[in-house]
Every structure is written in C-alpha cells, then in structure tokens.
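Quick note: residue numbers are just sequence positions, from 1. Computation of the quantities below employed the complete heavy-atom set of this structure, encompassing side-chain atoms and omitting hydrogens, waters and symmetry-equivalent molecules.
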Amino acid sequence: MPRMHTLLLLVAGVPAALAATSGTFTALSFNVAGLPAILQNNDVPGDKTNNTASIGSKFAAGRYDIIHVQEDFNYHATLYQFDNHAFRTPTSGGVPFGSGLNTLSNFDWVDFTRVKWDTCSNASGADCLTPKGFTFMRVKVDDGVWIDVYNLHADAGTETDDQCARTANIQQVANYIDTWSAGNAVLVFGDTNSRYRRAQDNIATFTTQNGLADAWVALVHGGTPPSTESVCANPSATPSCETVDKLFFRGSALLDLRAASFAYAGASFLQPNGSILSDHNPVLVSFAWTLPSALRASNFFGGPHGSWFSDIPGLQAAPRGATLTLRGGSRVDGLSISTARAQHGGSGGTLTTLVLATDEWVNSVRLCQGQKDGRTRIFFFQASTSKGRTASTGATTGDCATFAPPQASWGLVGFIGQDGDEIDQLALIWAP
C-alpha cells in the first residue's frame, strides 16, 4: 500500500486539509496466462480456473498499488472474484473479442483508453486472433499527483513479420506518449516480448525517444543494458537475468519519481505444490515520489475529450504581473496566460483580458462543467486575484469546484488538459 508524508498548508491564511508532498507505491506487471486451455496451456500445470483464483487471491494479499495484467481473457471473472482492489478496469472480453489487458489499482484514474495495434503478425503464433494493443490511463496517486500509466502486450515471435510487427507496436506507444503525455510523469509496463540483445527489437525507443528509464536496467545494471543475454528461469531469484516483461518510468517538472527497488516476484505466485501459476515471471518495482518545491498541479476537471495539451514545457516566469486571456459565451471557448505563452481551445466567444499588477497574482479559480452534445466540457471559468479582482467567462452550472494553490503566496502560471474548439478538461499549474 502507498505511504504518504503530509504537510499542513495554508490557503489565504486558513488551514487547509493535509496534503501529501511525498510517498511510495508499488507497480506489478504479470502475464496471467488466461488464454483458454483448449488453445494454449502455457506449459503451466494445474487447472487454469484454480490457478487464476490463486493469482487473484495473491493480488489481494500482496496489496500491490498498480497491477497490469496481460492475457486476462477467459478467466477474467475468476481473477476479479478473488481480488479486492478498489479500482479495476472492465474487461474488453475473452478470446477473440478482448485485448487481455486490464489494470487493478488502489488509485483511481481518468481518461482510460484502449488502443489496438496498427500492425500484427501470425507468422509464429496467433497474435492477430485478438485485438491486442495497449491501454492508457491518467492515475491519481494523490491530490495533484498524476502519472500517465500504460499497459501493453506486444507481438510475440521471432519470425521476420513478428519482429516487424513488434517494432511497429513499440513505436506506436512511443508516438502516443509524445502526443498524450507531453510534460507528464509516465509509467509503461507490461509484456513487451522484447529483449535488448535482439538486433531487430527497438525496446530502447522508450528511452531514446520518450526519456523513460527501464527500472531493471537502472537498478540492476547500473543504467546500461547488459552486453550478453541471460534468460530467466521461472520463478527467478536472480534479478540480473532478462525477461520480456519490463517497466519503464520517468518523472516530470510536476513530480520527482524514483524507482527504489526491482524484483522478479515469481516466488510469491506459486501453487501449493510449488508449481508456477503462469509461464511469465511477474515484475515488481517500488517507487518513491516527491512533489517539487516550485511547481504544483491541481486535480483535473471536465471531460476526457479533445486533444491533450500541457504548458509545462513552455513555462517562462513567476505568476506576478501575468496577463490572463479568456474567450467564451455559453461555455469556455479558449484561454491562455502569458507565463505559458500558449493558447488553448478555439477563437470563438467574447474576449476577456485580465492584466495583473507586478505585485498581484491569481490565487483562486472556479470551474463549472456540463454536457454539450453528450460530452463533458468546461462551461465556466472565473479567476480571482490576490487584490480581490476577478475575471470570468462562460456560464455557471450546478457542477462547480473552486481550486486554490497549495500556499497563499502561490499563483496561477499555466494549464494542462484537453481541448478542441472549446475547453474540455482542465487542471491548473501553480508556482510561488
């Protein structure tokens, strides 16, 4: 279970709720060998229903914080029956309808998405039998502490077509990260079916393109992939050997994220007679996180629609003396703040501009959301300043929330969220 360290914060001189500034959590990746027994026995002894029940029970007993499973197909109901995590993705179906990817977590999330591979191969298996691919979710570890979390199951096999498909799979995820996780902390873990010593595999793309570190490489091999391949036994007590199941991570300007330990957890997932429950070693990594002293984010508000944007990469200055620009009518069409130098949303609506004095900053934002064409959007935005001035756009609804910075001397410097020709989702970036 996660551990948090808290600090009593003051907002406008009034004691606020305790907010965590640091903490720990665990992440586990496990291919649970859930293909129907008639199709694949996975060289695992015993009955698959009983084995899956045991895995679910061990998930619950281990109290792992974020679990990604692959091949969670026709025994999914049994897995969830014996697990007790508070947040779990609904199944996409058994073979041949589902991807086999699911997440079990102690943390809630937003924006859950399933993405099918653009390329698959049946050269040495049946990877095209099911809509394999990857999933995306934005996980709330604590208030204002968000991590973009990806689960994946890449194409298997070593035939030429398999390797081409797998290379395309990894590149597809890497490109998605560039688009949807710009400026964010990220975890990518699952069954990559990749090894560093295979010349055709491009698993290092997550490092070279996305700036992610492989927890196994970082903690076990000093930051450099080994020059020789050592295939793991199952279960493996030797962390230096390599499996195809991997975990990558990075922090961000909003979150310092560090991998603290790495282990193959196969010894914790055995049958009563000592036999394995799956043909894969589960990968277990513990993390420590800390909020930075100069930048914080609020929680998200609105709906999971439109294109992702983040002002984090372009932040220029402290919040004093900024100019806030709003556009809207019946909803919020667009907004920007000069400290970020980026316009979000569209160009419609009435223009409202708030120019802050050199000793003034935005210290409170009120947002309202509502439904437009079956989608949740931001309907109202009101900024209040340290000098008591306000600026607003849009129309209020019955679903509103007020956001304040972590300390009274902090102000608004930017936004993260999703937009189209209007603002769909929003979180606020604060700085001292």
Side-chain angles (χ1 to χ4, degrees), residues 27 29-32 34 66-73 76 87-105 108-122 125-139 146-156 162-194 201-203 205-206 209-212 244-250 300 303-310 375 417-420 424-425:
S29 182
F30 197 14
N31 183 318
V32 296
I66 307 173
I67 303 171
H68 279 346
V69 292
Q70 304 84 41
E71 290 191 15
D72 178 24
F73 289 114
H76 169 81
F87 305 100
R88 305 185 298 195
T89 54
T91 180
S92 55
V95 174
F97 305 104
S99 68
L101 300 174
N102 280 303
T103 300
L104 309 86
S105 176
D108 201 357
W109 57 73
V110 297
D111 299 358
F112 175 68
T113 305
R114 294 185 182 273
V115 182
K116 185 177 180 293
W117 294 134
D118 293 333
T119 306
C120 66
S121 168
N122 287 328
D127 284 279
C128 301
L129 175 64
T130 64
K132 288 170 63 176
F134 67 95
T135 65
F136 166 82
M137 57 176 58
R138 192 157 284 132
V139 174
W146 296 85
I147 303 176
D148 290 356
V149 179
Y150 294 79
N151 185 9
L152 77 162
H153 190 183
D155 206 280
D162 297 325
Q163 292 174 331
C164 288
R166 184 164 57 251
T167 297
N169 298 162
I170 299 302
Q171 190 63 57
Q172 186 177 344
V173 179
N175 293 343
Y176 195 96
I177 292 170
D178 282 347
T179 300
W180 288 96
S181 296
N184 290 357
V186 173
L187 294 180
V188 178
F189 56 112
D191 183 353
T192 72
N193 273 310
S194 302
D201 282 348
N202 63 336
I203 192 62
T205 299
F206 290 141
Q209 178 173 326
N210 305 124
L212 304 176
V244 297
D245 306 279
K246 302 183 186 299
L247 187 152
F248 294 82
F249 70 98
R250 79 179 184 203
F300 285 91
H305 315 294
S307 300
W308 170 252
F309 65 83
S310 172
R375 292 189 169 190
Q418 293 178 238
D419 68 354
D424 295 280
Q425 186 184 68

Closest approach of F189 and A27, non-hydrogen atoms and distance?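 Taking F189 first and A27 second, the nearest heavy atoms are CZ-CB, 3.9 Å.
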Looking only at non-hydrogen atoms, find the nearest pair between D111 and P304 and report the distance.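 Closest approach of D111 to P304, heavy atoms only: OD1-CB, 2.9 Å.
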Is any side-chain heavy atom of L212 closer than 4.5 Å to a side-chain heavy atom of V188?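 Yes; the side chains approach each other to less than 4.5 Å.
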Measure the shortest side-chain to side-chain distance between M137 and T113 over non-hydrogen atoms and say whether it is less than 4.5 angstrom.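 Side chain of M137 against side chain of T113, heavy atoms only: no contact under 4.5 Å found.
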Under 3.5 Å donor-acceptor, [X] side chain and [Y] backbone:
X: S92; Y: S99; answer: yes
X: E71; Y: N31; answer: no
X: R114; Y: G98; answer: no
X: D191; Y: H153; answer: no
X: N151; Y: V69; answer: yes
X: N202; Y: T167; answer: yes
X: D72; Y: L101; answer: no
X: S105; Y: I66; answer: no

How are the rings of [X] and [Y] set relative to one another: parallel (under 30°), tilted (30 to 60°) or perpendicular (over 60°)?
X: F136; Y: W180; value: tilted
X: Y150; Y: Y176; value: perpendicular
X: F134; Y: W117; value: tilted

Are D424 and R375 within salt-bridge range, i.e. N to O under 4.0 Å?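 Between R375 and D424 there is no salt bridge, as every charged N stays at least 4.0 Å from the carboxylate O atoms.
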State which residues pass ring pair (Phe, Tyr, Trp, His ring centres under 6.0 Å) with F73; sequence neighbours excluded, sorted by chain then number.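 F73 satisfies ring pair (Phe, Tyr, Trp, His ring centres under 6.0 Å) with no residue once adjacent residues are dropped.
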Would D162 and S121 count as a side chain to side chain donor-acceptor pair (under 3.5 Å) here? Give the steps. CA-CA 5 Å; D162 297 325; S121 168; 2.9 Å; yes
Among all residues two or more places apart in sequence or in another chain, which pass the side chain to side chain contact (heavy atoms under 4.5 Å, CB included) test with T91?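 Result, side chain to side chain contact (heavy atoms under 4.5 Å, CB included) vs T91: H76, N102.
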C128: disulfide bond (SG atoms under 2.5 Å apart) partners, not counting sequence neighbours: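 With neighbours one apart ignored, the set is C120.
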